[in-house]
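Just so you know, ligand 1 is whichever comes first in the structure, and atom 1 is the first atom listed for that ligand.
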Amino acid sequence: MSEDLRIAVVGAGRMGSDHIERIHHRMERARITAIVDIDEARAQAAIEGIDGARVYTDFTEAITSGEVDAVLIATPGFLHEDVLLPTITQGLHILCEKPLTPDSASAWRVVQAETAVGRKLVQVGFMRRFDAGYQRIQQAVASGEHGELLALDCEHINPDVPAAYTGSNLIDDTVVHEFDGVRFLTGEEVVSVQVRTGKNSRRVQTEGLQDPAQVLMDTTSGVRVSVNTHVTAQYGYAVTTRAAFEDTHLQEGVDQVCPGFEERFVDAYDREVQDWIDGALRGEVAGPDAWDGYACAACCEAGLRAIAEPGITVAVELNEKPELYR
Ligand code: ISE
């Protein structure tokens, strides 16, 4: 491997462009050598000012070019598997935006592909694990300094959603962050999901979208979790977490209202990508892995069944964790 990590960014849309700007201007020990997008004009626009980088419309050409050590996948979730499997076989490090894949069967294929090569290559873009507030709560849970964690009450507010957003995206694009967040904060798996809905906002343009909604979860040890979602809230982007411990309450994110997720989590994204780069240079995965992506896909599946039948409690079903992830 060359001294700097040579990165191909696949997908030059909203998230891909944000990562391109981040890597080019703020990351150390890395440079972009390829930008891949089926929309060549979009890739050309994204590459402007990045010396030594090339545009590709076919990602296979990029990953076999000899110019790429690692791949950042920022295409829509349903396209991830097609890029993940050959890139794993190629033995390249990957940072894959969330969700890893949209369902647990395809996420399991990714886990199996990694198990077959015998080493971890995939990090999933659950950036909240790198957020200072999230880390404060996680450390308090791990240290036990305030007693046991009893409950988490979260808010996930978006000003609006893109035109392509579907009713299911509330679970697999939005609440997927809390599925991983809860797993990260508690160090446990989510065992069940329930969705409660009520009055729907007149702002909702998407068929099947329930807004606001409340997603309830339980973890292995019985930590009770509620997530209040409101994705057409107009006023801004806000993510808050209130953790009830036996001896105190901690809350993070309160009063942090931003225009969008890029601003709210800019530091978390920066840490996430720098840690991924440094991990890849050491040959390690330095964040949430393919098992985390798979477990969240299983939570999403339960969430999608729960949203179809508000009020019912759906169990999360997981395969046995392979040795590689223990
Ligand atoms: C978006 O993709 C994100 O990752 C945001 O954090 C989330 O709030 C939003 O709902 C998603 O669409």
Peer 1: Among all protein heavy atoms, pick out the one at the shortest distance from atom 2 (O) of ligand 1; state its residue, atom name and that distance to 0.1 Å.
Peer 2: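 Atom 2 (O) of ligand 1 sits closest to the protein heavy atom K98 NZ, 2.9 Å.
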
Peer 1: Please lay out, stage by stage, how T232 and D160 fare under the test side-chain hydrogen bond (donor to acceptor under 3.5 Å, both in side chains).
Peer 2: CA-CA 4 Å; T232 62; D160 217 336; 5.6 Å; no

Peer 1: If you measure from atom 4 (O) of ligand 1 to every heavy atom of M15, E97, R128, H177, which option wins on shortest distance?
Peer 2: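 Of the listed residues, H177 has the closest heavy atom.
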
Peer 1: Answer yes if V285 and I88 sit in the same cluster of Ile, Leu, Val, Met, Phe, Trp and Tyr residues linked by side chain heavy atoms under 4.5 Å apart, and no otherwise.
Peer 2: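 Hydrophobic grouping puts V285 apart from I88.
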
Peer 1: Relative to atom 11 (C) of ligand 1, which among D173, V239, D172 owns the nearest non-hydrogen atom?
Peer 2: D173

Peer 1: Among all the protein's non-hydrogen atoms, which is closest to atom 7 (C) of ligand 1, and how far away is it?
Peer 2: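 Residue, atom and distance for the closest contact: H156 NE2, 3.4 Å.
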
Peer 1: At under 4.0 Å between heavy atoms, which part of Y237 makes contact with ligand 1: side chain, backbone, both or neither?
Peer 2: side chain

Peer 1: Does the side chain of H146 pick up a donor-acceptor pair with the side chain of E246 at under 3.5 Å?
Peer 2: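 Result is no, nothing qualifies.
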
Peer 1: When the ring planes of H19 and Y269 are compared, do they come out parallel, tilted or perpendicular, using 30° and 60° as the limits?
Peer 2: perpendicular

Peer 1: Which class fits the ring pair Y325 and W291: parallel under 30°, tilted 30 to 60°, perpendicular over 60°?
Peer 2: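 Geometry flag for W291 against Y325: tilted rings.
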
Peer 1: Which of the atoms in ligand 1, numbered in the order shown and given with their element, are less than 4.0 Å from a heavy-atom of T174?
Peer 2: 9 (C), 10 (O)

Peer 1: Should the proximity of N158 to ligand 1, defined as any heavy atom under 4.0 Å, be assigned to the side chain, the backbone, both, or neither?
Peer 2: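 It is the side chain that touches ligand 1; the backbone stays farther off.
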
Peer 1: Taking the inter-plane angle between the rings of H177 and H156 on a 0 to 90° scale, is it parallel (under 30°), tilted (30 to 60°) or perpendicular (over 60°)?
Peer 2: tilted

